[in-house]
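In what follows, a structure is listed as structure tokens, so that the remarks can point back to it.
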Amino acid sequence: MKNLDSQLGWAFAGVLGLLAFSSLIGLALKAVIRKPEAQGTISNLNARIGAWWIMSAIFALTLVIGPIGSLVLFGLMSFLALREYVTLLPTRRADHRTLFWAFFIFTPLQYFLIGIQWYGMFAILIPVFAFLFVPARLAITGDTEAFLERASTIQWGLMICVYCLSYTPALLMLQIPGYGRPAKLMLYLVLVDQLSDVMQYVWGKMLGRHKIAPVVSPNKTWEGFVGGVLSATAIGTALWWMTPFTPAVAAAVSLAITLMGFAGGLTMSAIKRDRGVKDYGTLIKGHGGILDRMDSMCFAAPVFFHIVRYFYVR
Amino acid sequence: MRAHPLARIIAGAARLISGVNVRWVDSEPDARQTVYFANHTSHLDFVVLWSSLPAEIRAQTRPVAAQDYWEKGLRRAIAVNVFRAVLVARRASGAEVPLASGNPQEAIEHMLDAMGNDNSLILFPEGTRGTGDEVAAFKSGLYYLCQQRPGLRLVPGYLNNLNRILPKGEFLPVPFISRLTFGPALALAPDEPKVAFLTRAREALCRLRSI
């Protein structure tokens, strides 16, 4: 249990309490509300809560195992997210081997670089090397039809699903003077980001009236956005003790996480609408695919990482 | 009867790579003797279809494969010994003479023998792998098979995205998520002409593509 310190323990206890509380609410809603038109929402809510128990258990387990656990978990999530993403987008026969590189070379390599703590290469593998490799490999095939679209589709998928998401376990590389295990920092990011999604959903369901971008995401409302961002920022501020931040800085950082998360959700929704689907996948019951759950993380993690690295790492 | 242990391992791996999402639309698994017919774009097709059937149906379901391709070496070992494939001679497209020895009648009888009274078959009536854009016209085998076995149950299964996972000519897979949609059973009507029946069967399959 060397990877578990008391602050991490408190955070876990808090999550456990929150899950138990949510399950009780879910059961109560199911028992009390009889309106047939609300049944769909309530059963979806309960499916979501059920999935949260499983996701939290898996995340906690990998966190306790240590860096290897987190790397394997996030590496797998990148792989599955990239899979959902490319399945949804048009690719051509000639893209086959380039895609093979994306899945089986670049994705594992990115996480391997975090594992060996090679920050310099981790930061440029995909934005520099994969970025240049992908169009060159496609050009070799000789198929020029929609060339730039095909190249950018693959580059973009690697950036979002692999590069951006890998910033979450990359937090484990950071050595912050006077701060304990960086695992707490990773948990903090995940908590604030995911609770922001949850709170936006909850506020949206309770008070949501005015849609922000009805075409892109019919469920996103101003009420949900403001309520979600404020409550998640409040939670993030209240959790300052598990970070290297002062409460005021924790508030600013939480705000940045929630705003980036919102931008991520909206952007990834725009792709879904363009392709005419509701969800990226079906892997997580009630939530959709990995990418539906991690869309906000893809945007929040890199920004959070660089804020911390710039201001707190010598 | 139980499936070969290696068959189960290969089927598990195929399911993992293909991430196949199986749906039965206006249709459900049935242990009665059936010919499952599907569009053909990848070597993974029959393994994915086979592994998507419930275990008790799977154990008595045999794929039909082209003799000229699957007859030798490791291919044969996998097809025949592991999956109990029924190897039949196929015709070159348009040619009236089969590629390998034997005649169409022999191929049909071979399939009927393999079915016996309780085995089901997996058949790709296009006869060869396509690119995934269009389902090619069906070969006549399906018709003759039904003619010999009046009332034979046919179930269409449309495979999406297998051509993206392992297209013709590639040996390394890319893990797209695939989908298999089974549709309602059909059968040859008495006195139904060959062309009308084959068109109807093909349409029943194509209809599953985007539902």
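Every chain is numbered from 1 and lettered A, B, ... according to where its sequence line falls, protein lines coming before strand lines. For the numbers below, each heavy atom of this structure counts, side chains included, while hydrogens, waters and symmetry mates do not.
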Q: Take the angle between the ring planes of A/F133 and A/F106 and call it parallel below 30°, perpendicular above 60°, tilted in between.
A: perpendicular
Q. Does a donor on one side chain sit under 3.5 Å from an acceptor on the other, for A/T141 and A/D143?
A. no
Q: Consider only side-chain N and O atoms of A/T153 and A/E149, and report whether a donor and an acceptor are under 3.5 Å apart.
A: no
Q. Just checking heavy atoms, which of residues 77-86 of chain A are less than 4.5 Å from chain B?
A. A/F79, A/R83, A/E84, A/V86
Q) So, does A/R273 use its side chain to make a donor-acceptor pair with the main chain of A/V216 at under 3.5 Å? A) yes
Q.
For B/F46 and B/F83, I'd like to know if the aromatic rings sit close, meaning centre-to-centre distance below 6.0 Å.
A. yes
Q. Do other residues, nucleotides or ligands put more than 12 heavy atoms under 6.0 Å from A/W101 CH2?
A. no
Q: Sort A/F103 into side chain, backbone, both or neither according to what part of it lies under 4.5 angstrom from a heavy atom of chain B.
A: side chain
Q. Quick check: does any side chain N or O of A/R92 sit under 3.5 Å from a backbone N or O of A/A146, one acting as donor and the other as acceptor?
A. no
Q. Do any of residues 196-211 of chain B have a heavy atom less than 4.5 Å from a heavy atom of chain A, and if so, which, in residue order?
A. none
Q | Residues of residues 152-172 of chain B contacting chain A, heavy-atom criterion under 4.5 Å, by residue number | A | B/N161, B/R164, B/I165, B/L166, B/P167, B/K168, B/G169, B/E170, B/F171, B/L172
Q: Applying ring-ring contact (aromatic ring centres under 6.0 Å, His included), name anything that partners B/F176, two or more places apart in sequence or on another chain.
A: none
Q: Answer yes when A/D292 and A/K272 have at least one side-chain N-carboxylate O distance shorter than 4.0 Å, and no when they do not.
A: yes
Q.
Any donor-acceptor pair under 3.5 Å linking the side-chain atoms of A/Y280 with those of A/H287?
A. no
Q. Do other residues, nucleotides or ligands put more than 12 heavy atoms under 6.0 Å from the CD1 atom of A/I105?
A. yes
Q | Residue A/R97 versus chain B: region with a heavy atom under 4.5 Å | A | side chain
**Q.** Modelled atom types, side-chain donor and acceptor of B/R23 and B/T181, under 3.5 Å
**A.** yes
Q: Check the side chains of B/Q33 and B/S120 for a donor-acceptor pair under 3.5 angstrom, ignoring hydrogens and angles.
A: no
Q) Can you tell which of B/L180, B/V22, B/T61, B/V20 makes a side chain to side chain contact (heavy atoms under 4.5 Å, CB included) with B/L49? A) B/L180
